[in-house]
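Positions are given from 1 along the sequence. Every number for a ligand or one of its atoms is a count from 1 in the order of the listing.
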Amino acid sequence: MEKYVIRGGIPLNGEVVISGAKNAAVAIVAATILCDEPVILENCPQISDITFCMKILRSMGAEVRVLSKNKIYIDTRSIAKARVPYDMARVMRASSYFLGSLLGRFHEAHVALPGGCDLGDRPIDQHLKAFTVLGARNDMTGGEVDLYADKLLGGLIYFDMNSVGATINAMLAACKADGYTVIENCAKEPHIVDVANFLNSMGADIMGAGTDTIKVHGVKRLHGVEYAIIPDQIEAGTFMVAAAATHGRVTIRNVIPKHLESITAVLRQIGVSVEEYDDYIRIWTPGALKATNINTMPHPGFPTDMQPQISTLLTLAQGASVVTDEIFSNRFRYVAELRRMGANAVVNSKAVFIQGVEKLHGAAVLAPDLRAGAALIIAGLMADGITEIGDIHYIQRGYENIVEKFRGLGADIKLVHSIDYHEDEIKINA
Ligand code: EPU
């Protein structure tokens, strides 16, 4: 069993470089199935979700090679069957992107209902709605979604809500459908634009990604490409909050400041200084942290994927804060862990009510999901004493070299196997 062990209370200082965006990369790796030639992806994050997507492609017969740390070669031409092995699909949310890409290529797809972080109920009705408009029938047998289409035909897709996954899946299937598709009420996250740019760089004809309406002219063929994935908005935001939380001074490189605007605005409200440059930002905290109220919203609002990190920061702010997250029904499980560390916070329905305290203290906690796990690292960095975080496999799904990156900023954090931990504990206590 692996754990992170953190000795808190050290201000972060220095520079950190942000990796490629997880939520763009998982969709782009699945989208390579649509390409009629090999593809090279650069700035692809080395995280377990991507390793897993690569495994899925290999298990289906694709050739996948790691050319260097963040560069991968993918040739999906040898995939013959439109099926993702059941046990592989069911453990991650992003496996749903294989539905859109397999349907686009084979006019057929068989993929288990996706799993992923337990953030509450995560239905795929909007994905299925899009596939139905394009002419696919869907069926559910033994926990697997089966899609069949004699022909994919463009049409008007109107989403009932902003869904990142459904918007991307609709683009994936529509880009190889016959004719013209209009997708209304789309999600607008930066990774949606990146997936559209990737598809367009292979010869797709997609306009309007990043707005409410996306228009797709179907094409017959997509050619090979070498494509660099955008920097990860949420990884950058996580380091912004960690820098603010420890009252450090950190330069965050390889970012797109525009993607960070909602996070920057909230941090400024809390009393944090953020300076923006072309592809980097600087963060420091000149005085005390101030309480505030935050509502998560689809992009360009404040991201739900930053909710646990910002709430953690607010546990040390002066005054009372309320953070509301209506996007997922079960994204506050980390609050009970923060209470073990001395936070004064309670969850009521879709909001956490936080009364700032003077100090957090280290404790043994468990990461309930990916972003909550990152928030607990931040809590550990803020706290006095030793924090031990278990279930770190969640964190490893989405953060590349997180220990090395925090250590590069001066943090005292290490990855230990529980058998080693007791030795470390003895050293720490000595
Ligand atoms: N929803 C439906 N029906 C659908 C699709 C979504 O009711 O068919 C609901 C969801 O239950 C949720 C809301 O719509 O209440 C938004 O869900 P969305 O589809 O946008 O989320 P997702 O595609 O499942 C992606 C990211 C999440 C991120 C959300 C919101 C990936 C692989 N996952 O999930 O990322 O929280 O968008 O921005 O892109 C993370 O990175 O930690 C993470 C959980």
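With a heavy-atom cut-off of 4.0 Å, Asp305 touches ligand 1 through its side chain alone. At a heavy-atom cutoff of 4.0 Å, ligand 1 is contacted by no atom of His299, backbone or side chain. Heavy atoms from both the backbone and the side chain of Asp125 come within less than 4.0 Å of ligand 1. Counting heavy atoms closer than 4.0 Å to ligand 1, residue Arg371 contributes side-chain atoms (C-beta onward) but none from N, CA, C or O.
Within ligand 1, the atoms closer than 4.0 Å to a non-hydrogen atom of Arg122 are 11 (O), 22 (P), 24 (O), 34 (O), numbered from 1 in the order shown. Shown in contact with Gln126 at under 4.0 Å from a heavy atom are these atoms of ligand 1, numbered in order with element: 3 (N), 4 (C), 8 (O). Close approach of ligand 1 to His127 is summarised as follows: ligand atoms under 4.0 Å from at least one heavy atom of the residue are 8 (O). Near Ser163, with a cut-off below 4.0 Å to any heavy atom, the atoms of ligand 1 are 5 (C), 6 (C), 18 (P), 19 (O), 20 (O).
Between Glu235 and Lys405 a salt bridge is recorded (basic side-chain N to carboxylate O distance below 4.0 Å). A salt bridge links Asp178 to Lys151: at least one charged side-chain nitrogen sits closer than 4.0 Å to a carboxylate oxygen. Ion pairing between Arg340 and Glu337 holds under the 4.0 Å rule for side-chain N and carboxylate O. Comment: Lys129 engages Asp160 in a salt bridge, judged by a side-chain N to carboxylate O separation of less than 4.0 angstrom.
Nearest-heavy-atom check against atom 29 (C) of ligand 1 across Phe159, Tyr394, Phe328 picks out Phe328.
Residue contacts with ligand 1 include Arg331, since one or more of its heavy atoms lies under 4.0 Å from the ligand.
In this structure, the side chain of Arg65 does not engage the main chain of Tyr73 through any donor-acceptor pair within 3.5 Å.
Any N or O atom pair closer than 3.5 Å counts here, and Gly165 shares at least one such pair with ligand 1. Among the atoms of Val164, some N or O lies under 3.5 angstrom from an N or O of ligand 1. Some N or O of Asn23 is nearer than 3.5 Å to an N or O of ligand 1, by distance alone. Of the polar atoms of Pro123, at least one N or O is found under 3.5 Å from an N or O of ligand 1, judged by distance alone.
Taking the centre of each ring, His110 and Tyr148 come in below the 6.0 Å mark.
The shortest heavy-atom contact between Val352 and Ser311 is CG1-OG, 3.8 Å.
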